[in-house]
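In what follows, a single structure is set out as structure tokens and then discussed.
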Amino acid sequence: MSLKDDKYRNDPPQTIRIGKIEPTGEPCEEFYPGPAAMIIFGASGDLARRKIMPALFKLTRSKILTENFFIMGMARTEMDSDSFRRMIEAALREAGGFDEAIWERFSKKLYYKTVDYTDIKALEEAGRLIAEKERAHGTNGNRIFYLATPPSVYEGIIESIKASGLSGNGENQARVVIEKPSGRDLESARALDSVVLRNFTEEQVFRIDHYLGKETVQNILMLRFANAIFEPLWNRRYIDHVQITVAETNGIEKRAGYYEQAGVLRDMFQNHILQVLALAAMEPPSIYDPELVRDEKIKVLRALRPVPLNEINNWLVLGQYVEGEVDGRLVPGYREEEGVAKDSEVPTYAAMKLFIDNWRWQDVPFYIRSGKRLNKRFSEVAIQFKSVPHRLFRETLKEDIGPNTLILKIQPEERIQLRFHTKNPGSRVCLRDVFMDFSYTEGYKGLTLGAYERVLLDCMLGDKTLFVRKDGAELSWAFLTPMLDFIESGYAGAPEVNLYRAGSSGPVEADKFITREGRSWRDDG
Ligand code: BG6
């Protein structure tokens, strides 16, 4: 048998457990927010039912939320508080983790008022109801306004909150939570910001990006800056490229109205992916402080090299799913989804190359991609290091040794993996590819918070580290808007939307693109 026959190449990488993880010390102390009323606009909608309410319920179950708290749901849908409670109860049961005793307490904090968002009289009336509940729940006039409506009505709501006096008399500082997308391009984002900042100060505004609330995303900074071993390698000398992937098996669910206006670039790139990229690429701030962290992220966004539109097809691949099988189930193509135009050109997949023009990252490509209805659901940041400079084992092994990769897995599991090579036990010189693997939840007994729970809690605590600042949101739009304009102009040379089968790994054009780059996409191995 030749040496080649038993080389590691044919075997999948093995995983090395890094041993039993003993938590060192007690779980971190949790912070508890003070009294507050949460006023949710769009409370009858999908976002409130699927994300916000389950998160608030879990915070109640975890005993994090103060007793002095209540929720006033507001929306155009005709309903009274009892019907609202029934609707929320059904949503919470569906979300899982329902608990009768907690519901008993939680439901007593739920109210609803039907309003037309621009009807100042109706909002003044709602204000009187809120004031009455504030006395009953002892929330001291602290109000958080959550905009969970379609973005088209954000500006109207902001103006109405102020005009109706809902935002209070200045003694207590109201907070406004704005869900993405804040605008659909640079101009509309600026227009929205100017309305928001005419009525509130930037300090009062919390632009949510729930990706920043995910544990592994937050951990990027801890991993990089609390360890001495990564940062010396975290640059163009040692890193070949970075891949950031958000792959979903879901389609657009019931959100055609929104998605037809957005597409994957606005839905995932402008916010989640660019935010994760900024954390992975930023310089260390002098101290872990919300404003200083955000300053550093912004410098990354400012350094993004504009994609040259005349050769955009070498930088960007778009796709849209057609009928196929996902998780053993036949699913319709995007154009067959309810509410989607039969000839829609909206992309549900994109892969893009980008560069950060600064000292640390010059000429290191970042490949970012996201798509719906793919074969796997996984989100990760993969740092691929350069290959060894000298092929010491070339005679013995014949093949090149693969590069080291550090993978920060965001979901479905939260892990950190380092891929490296070791000698296979035995008499011959042969290598094997292994993963050193760390799971977040292993050995940890304390409370874990989901992304929405984390960001809602931070909003109540007034910690802005995980929220997007005005300049950050605008810089992301400034980067994407020329591309969006070009794509949507239909000009010759604009990228085409390639079709891919639901349940596949994306359009073949994306594979050709990465092959042309001399690289390959990481699979969730
Ligand atoms: C949302 C997007 O912001 O994030 C959705 O609008 C997407 O289209 C979702 O499915 C993904 O979030 P998560 O937490 O499920 O990865």
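Every number for a ligand or one of its atoms is a count from 1 in the order of the listing.
For the pair K214 and Y211, the distance from NZ or CZ to the six-membered ring centre is under 6.0 Å and the angle to the ring normal is within 45 degrees. Geometrically, R93 engages F98 in a cation-pi contact, judged by NZ or CZ lying under 6.0 Å from the ring centre and within 45° of the ring axis.
Polar contact check, H272 against ligand 1: a nitrogen or oxygen pair lies under 3.5 Å apart. Ligand 1 has an N or O atom lying under 3.5 Å from an N or O atom of K180, backbone or side chain.
Protein heavy atom at the shortest distance from atom 15 (O) of ligand 1 is R377 NH2, 4.1 Å. Among all non-hydrogen protein atoms, the one lying nearest atom 5 (C) of ligand 1 is R255 NH2, 3.0 Å. The nearest heavy-atom contact from the protein to atom 7 (C) of ligand 1 is E248 OE2, 3.4 Å.
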Going through the distances and angles, do R224 and M282 end up as a side-chain contact (heavy atoms from CB on, under 4.5 Å)? CA-CA 10 Å; R224 291 186 54 197; M282 68 185 243; 4.0 Å; yes
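For ligand 1 and K214, the ligand atoms under 4.0 Å from any heavy atom of the residue are 13 (P), 14 (O), 16 (O). Taking every heavy atom of Q411 and a limit of under 4.0 angstrom, the matching atoms of ligand 1 come to 13 (P), 16 (O). Of all atoms in ligand 1, numbered sequentially from 1 with element shown, those under 4.0 Å from a heavy atom of H210 are 1 (C), 3 (O), 4 (O), 12 (O), 13 (P), 14 (O). Of all the atoms in ligand 1, the ones that sit under 4.0 Å from a non-hydrogen atom of D267 are 2 (C), 5 (C), 6 (O), 8 (O). Short contacts between ligand 1 and K372, defined as distances under 4.0 Å to a heavy atom of the residue, involve ligand atoms 5 (C), 7 (C), 8 (O), 10 (O).
Sorted by first and then second residue, the ring pair (Phe, Tyr, Trp, His ring centres under 6.0 Å) pairs involving residues 450-488 (not counting sequence neighbours) are F206-F467, H210-Y452.
Using a cut-off of 4.0 Å between Lys/Arg side-chain N and Asp/Glu carboxylate O, R335 and E345 are scored as salt-bridged. Checked for salt-bridge contact, E248 and K372 meet the test: a charged N lies under 4.0 Å from a carboxylate O. R519 and D240 are joined by a salt bridge, as a carboxylate oxygen and a charged side-chain nitrogen come within less than 4.0 angstrom of each other.
Taking a 6.0 Å sphere around CD of E291, one finds it holds more than 12 heavy atoms contributed by other residues, nucleotides or ligands.
Residue contact check for ligand 1: Y259 places no non-hydrogen atom closer than 4.0 Å to it.
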